[in-house]
There are 2 protein chains.
Amino acid sequence: MKEEKVQELLKVKLREKGLKVTQQRLLVLQALAANSGSHMAAEDIYELIREDYPDIGLATVYRTLQLLLEMQLVDRINLDDGCVRYEIGHLFEGDTKHNHHHLICRTCGKVLPFEDDLLEELERHIEEDTGFHVLDHELKFYGQCKECLSKSK
Amino acid sequence: MKEEKVQELLKVKLREKGLKVTQQRLLVLQALAANSGSHMAAEDIYELIREDYPDIGLATVYRTLQLLLEMQLVDRINLDDGCVRYEIGHLFEGDTKHNHHHLICRTCGKVLPFEDDLLEELERHIEEDTGFHVLDHELKFYGQCKECLSKSK
DNA sequence: TTCATTGCAAATTATTTGCATTTGA
DNA sequence: TCAAATGCAAATAATTTGCAATGAA
């Protein structure tokens with residue numbers, strides 16, 4: 001749906017910085033845009049792209065993710081499973097800027113999203129109390145999902 | 001001050017599980033208790049202990065941290081600098097259970113603690129809305145600390 | 001004594017880097 | 001044309017694991 005938009009934005013941002021628009025960069029962003037629910041590791045993205053474009057290198061995927069991160073087109077999360085994961089940037093997620101957090105089930109490993117805006121208030125507190133200027137945050141909850149809870153009874 | 005208490009608790013917990021009380025296990029916990037402000041990587045703990053006990057192996061430090069984590073005697077945080085860090089468990093931090101979060105300065109890398117209880121409410125919301133049972137959380141804020149902010153003006 | 005624990009070295013795994021080749025502007 | 005970007009292979013770095021030796025109960 002808005003995949004062309006995402007790609008257009010990347011093109012604009014690349015040109016702004018004097019960088020080149022390459023197939024690989026478009027493909028990495030596209031892979032993330034097309035899988036906005038999942039949290040993909042660099043390797044996952046690499047395998048996915050290879051299906052249509054077998055010549056891409058893993059190092060390019062890593063370099064591209066780094067670049068997209070700096071451009072704030074993707075978000076990075078660490079689910080403590082030994083590799084860093086990426087998702088399409090929250091800028092694309094809707095009209096209103098919602099913060100989305102992750103609920104990580106310690107039993108089955110599933111990761112659920114949770115939308116909430118309560119953190120905005122906390123960020124104001126922090127700025128007032130400490131003078132620290134908050135730009136971004138990462139919030140994870142660990143526990144047991146509904147299904148695992150009911151199974152364990 | 002309460003270092004003996006921490007060690008006693010470890011001894012009790014080890015015996016409960018039928019595990020052995022070793023110098024190495026006591027030393028790892030002690031190193032963390034004695035440095036409750038800092039966030040130490042396994043390597044840091046290893047180097048620290050080696051000053052007094054040069055024969056300890058890095059693998060033992062890793063194995064011990066794993067064990068202490070399972071026993072909930074230490075907390076683990078990931079500051080996105082390529083290695084996992086540990087601090088003495090929040091159980092020891094005071095009488096009232098406060099949640100403590102981390103403010104990470106993107107300019108100088110400094111990590112500041114921030115105490116807050118707002119998350120309790122959010123955890124209740126989550127349980128109501130999704131049925132997910134929250135056991136623990138990790139909250140990080142990224143931005144610029146007071147000092148770096150004033151320097152960049 | 002005896003099995004858990006340790007230290008060491010080798011293995012593993014995610015990520016980064018050097019460099020010759022390719023490619024977009 | 002030509003610097004930027006790529007693919008590959010080698011390098012790096014944190015963590016884990018196999019195993020023989022050691023030590024706590």
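All values below come from the heavy atoms of this structure, side chains included, with hydrogens, waters and symmetry mates left out. To find a chain, count down the sequence lines: A is the first, B the second, and so on, and within it residues start at 1. These figures come from a predicted structure and were not determined experimentally.
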TODO: For residues A:L19 and A:M71, determine if any side-chain heavy atom of one lies less than 4.5 Å from a side-chain heavy atom of the other.
DONE: yes

Open item on the list: Rounding to an integer number of Å, can you tell me how far B:L65 CG sits from C:dT6 P?
Closed with: 12 Å

Task: Protein-nucleotide distance (B:L79, atom CG; D:dA14, atom P), rounded to Å - done: 14 Å

Open item on the list: Strictly distance-based, threshold 3.5 Å: is any side-chain N or O of B:S152 a donor or acceptor partner for the main-chain N or O of B:L149?
Closed with: yes

- [ ] Determine, for A:R124 against A:E121, whether the closest basic-nitrogen to carboxylate-oxygen distance falls under 4.0 angstrom.
- [x] no

Task: Nucleotide-resolved protein contact map, nucleotides 11-16 of chain C, B/S/- at heavy-atom distance under 4.0 Å - done: ---SBB

Task: Distance, nearest 0.5 Å, that separates CG of B:L73 from CD of B:Q7 - done: 11.5 Å

Open item on the list: What is the separation between atom CG on A:L26 and atom P on D:dA5, rounded to the nearest whole Å?
Closed with: 13 Å

Task: Salt-bridge contact B:D80-B:K140 (side-chain N to carboxylate O under 4.0 Å) - done: yes

- [ ] Grab the CZ-P distance between B:R25 and D:dG23 for me, whole Å please.
- [x] 15 Å

- [ ] Using the ring-ring contact (aromatic ring centres under 6.0 Å, His included) rule, take B:H101 and A:H137 through it: C-alpha gap first, then chi angles, then the decisive distance, then the call.
- [x] CA-CA 11 Å; B:H101 317 305; A:H137 56 241; over 10 Å; no

Open item on the list: So that I can tick it off, tell me whether B:E8 and B:K11 are bridged by a salt bridge, with the cut-off set at under 4.0 angstrom between side-chain N and carboxylate O.
Closed with: yes

- [ ] Please round to 10 degrees the angle between the axis of the first five pairs and the axis of the last five pairs in the helix from C:dT1-D:dA25 to C:dA25-D:dT1.
- [x] 30°

Task: Rounded interatomic separation in angstrom, taking CD1 from B:I45 and C1' from D:dT15 - done: 14 Å

- [ ] Please check if atom NZ in A:K146 has more than 12 non-hydrogen atoms from other residues, nucleotides or ligands closer than 6.0 Å.
- [x] no

Open item on the list: In this structure, how many angstroms lie between the P atom of D:dA4 and the CD atom of A:Q24, rounded?
Closed with: 17 Å

Task: B:T22 vs B:L14 side-chain heavy atoms within contact, under 4.5 Å - done: no

Open item on the list: Quick check on contacts: within residues 15-23 of chain A, what sits under 4.0 Å from DNA chain C by heavy-atom distance?
Closed with: A:K20, A:V21

Open item on the list: Do A:L139 and A:I104 sit in one hydrophobic cluster, given that two such residues count as connected whenever their side-chain heavy atoms are within less than 4.5 Å of each other, even indirectly?
Closed with: no

TODO: Quickly work out the B:K11 NZ to D:dA25 C1' distance and round it to whole Å.
DONE: 14 Å

TODO: Without swapping roles, check the side chain of A:E138 against the backbone of A:I77 for a donor-acceptor pair under 3.5 Å.
DONE: no

- [ ] Send over the distance from B:D55 CG to C:dA9 C1', rounded to a whole Å.
- [x] 16 Å

